[in-house]
Amino acid sequence: QVQLVESGGGYVQAGRSLRLSCAASGDIVNIWTLGWYRQAPGKQRVLVATITRGSTSTTKYADSVKGRFAIAKDNTENTVYLQMNSLKPEDTAVYYCYAVTYLRSEHWGKGTQVTVSS
């Protein structure tokens with residue numbers, strides 16, 4: 001089992017930055033990919049960014065956040081980060097930490113609210 005706990009969400013003005021953190025615990029050695037999803041009110045949950053846990057650290061980003069967001073990880077501390085720069089009101093959503101193991105089991109955090117004012 002893998003447990004994921006997000007932190008770092010909050011209320012911020014457009015153009016500013018936030019950094020989200022996700023602490024993983026449990027069977028973390030079997031994690032293949034870590035990432036972040038978000039869900040705005042009345043919308044479906046969508047992928048924001050992913051990163052593989054291995055040394056290659058392959059990253060992928062949604063087109064809407066490319067050039068503004070950066071995903072990173074610290075395997076020693078079992079933490080994945082989402083650095084969010086140049087925030088826009090349309091970034092307002094609940095952000096969820098995500099992990100998938102090599103055996104394809106999926107795990108989710110409870111989410112952290114990010115609100116960007118215009």
Side-chain angles (χ1 to χ4, degrees):
Q1 296 294 320
V2 175
Q3 294 80 44
L4 304 169
V5 180
E6 305 97 334
S7 62
Y11 184 91
V12 65
Q13 287 184 270
R16 294 185 177 178
S17 300
L18 280 176
R19 185 174 67 182
L20 306 182
S21 299
C22 173
S25 61
D27 193 18
I28 55 97
V29 296
N30 290 322
I31 293 175
W32 172 30
T33 299
L34 295 153
W36 294 90
Y37 284 67
R38 68 186 182 188
Q39 186 169 21
K43 301 294 182 67
Q44 294 183 341
R45 188 175 300 185
V46 297
L47 184 145
V48 177
T50 60
I51 186 169
T52 55
R53 188 176 181 272
S55 60
T56 56
S57 299
T58 302
T59 59
K60 295 182 179 180
Y61 295 92
D63 288 342
S64 59
V65 305
K66 286 181 179 177
R68 299 189 297 121
F69 290 11
I71 189 170
K73 61 180 174 64
D74 185 335
N75 286 355
T76 302
E77 297 186 359
N78 301 320
T79 303
V80 62
Y81 304 93
L82 184 68
Q83 178 67 44
M84 304 184 294
N85 300 320
S86 301
L87 282 163
K88 304 175 181 179
E90 51 263 44
D91 295 318
T92 295
V94 176
Y95 284 71
Y96 296 90
C97 187
Y98 168 83
V100 59
T101 69
Y102 292 102
L103 296 179
R104 304 296 197 272
S105 63
E106 298 181 343
H107 305 269
W108 296 90
K110 293 183 178 180
T112 185
Q113 177 71 48
V114 173
T115 302
V116 184
S117 64
S118 60

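These figures come from a predicted structure and were not determined experimentally.
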In Å, rounded to the nearest 0.5 Å, how long is the span from OH of Tyr61 to CG of Leu47?
->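 Answer rounded to 0.5 Å: 11.0 Å.
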Once you round to the nearest 0.5 Å, how far does SG of Cys22 lie from CD1 of Ile71?
->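 Result: 9.5 Å between the selected atoms.
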Less than 4.5 Å apart, any side-chain heavy atom of [X] and any of [Y]?
X: Leu4; Y: Tyr96; value: no
X: Lys88; Y: Val116; value: no
X: Gln1; Y: His107; value: yes
X: Arg53; Y: Ile28; value: yes
X: Trp36; Y: Cys97; value: yes
X: Arg38; Y: Thr92; value: no
X: Asp27; Y: Val29; value: yes

Could you tabulate the donor-acceptor pairs under 3.5 Å formed by side-chain atoms of residues 13-21, not counting sequence neighbours?
from	atom 1	to	atom 2	distance (Å)
Gln13	OE1	Arg16	NH2	3.1
Ser17	OG	Asn85	OD1	2.8

Does any N or O in the side chain of Thr52 come within less than 3.5 Å of the main-chain N or O of Thr58, such that one atom is a donor and the other an acceptor?
->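 Checked: pair present.
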Parallel, tilted or perpendicular: which describes the rings of Phe69 and Tyr95, with under 30° parallel and over 60° perpendicular?
->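 Phe69 and Tyr95: tilted rings.
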Tell me, with the steps shown, if Val114 and Met84 meet side chain to side chain contact (heavy atoms under 4.5 Å, CB included).
-> CA-CA 10 Å; Val114 173; Met84 304 184 294; 3.9 Å; yes
Which heavy atom of [X] sits nearest a heavy atom of [Y], and at what distance?
X: Ala49; Y: Leu82; answer: CB-CD1, 4.3 Å
X: Lys73; Y: Gly54; answer: NZ-O, 3.4 Å
X: Ile31; Y: Ala24; answer: CD1-CB, 4.4 Å

Considering residues, nucleotides and ligands other than Tyr102, do more than 12 of their heavy atoms fall under 6.0 Å from its OH?
->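 Buried by this count: over 12 neighbours within 6.0 Å.
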Listed partners of Glu106 passing side-chain hydrogen bond (donor to acceptor under 3.5 Å, both in side chains), at least two apart |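 Applying side-chain hydrogen bond (donor to acceptor under 3.5 Å, both in side chains) to Glu106 gives Tyr98.
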Do [X] and [Y] belong together in a cluster built from hydrophobic side chains that touch within less than 4.5 Å?
X: Val100; Y: Tyr81; answer: no
X: Leu34; Y: Tyr37; answer: no
X: Trp108; Y: Val94; answer: yes

Partner set under side chain to side chain contact (heavy atoms under 4.5 Å, CB included) for Asp63, not counting sequence neighbours = Lys66
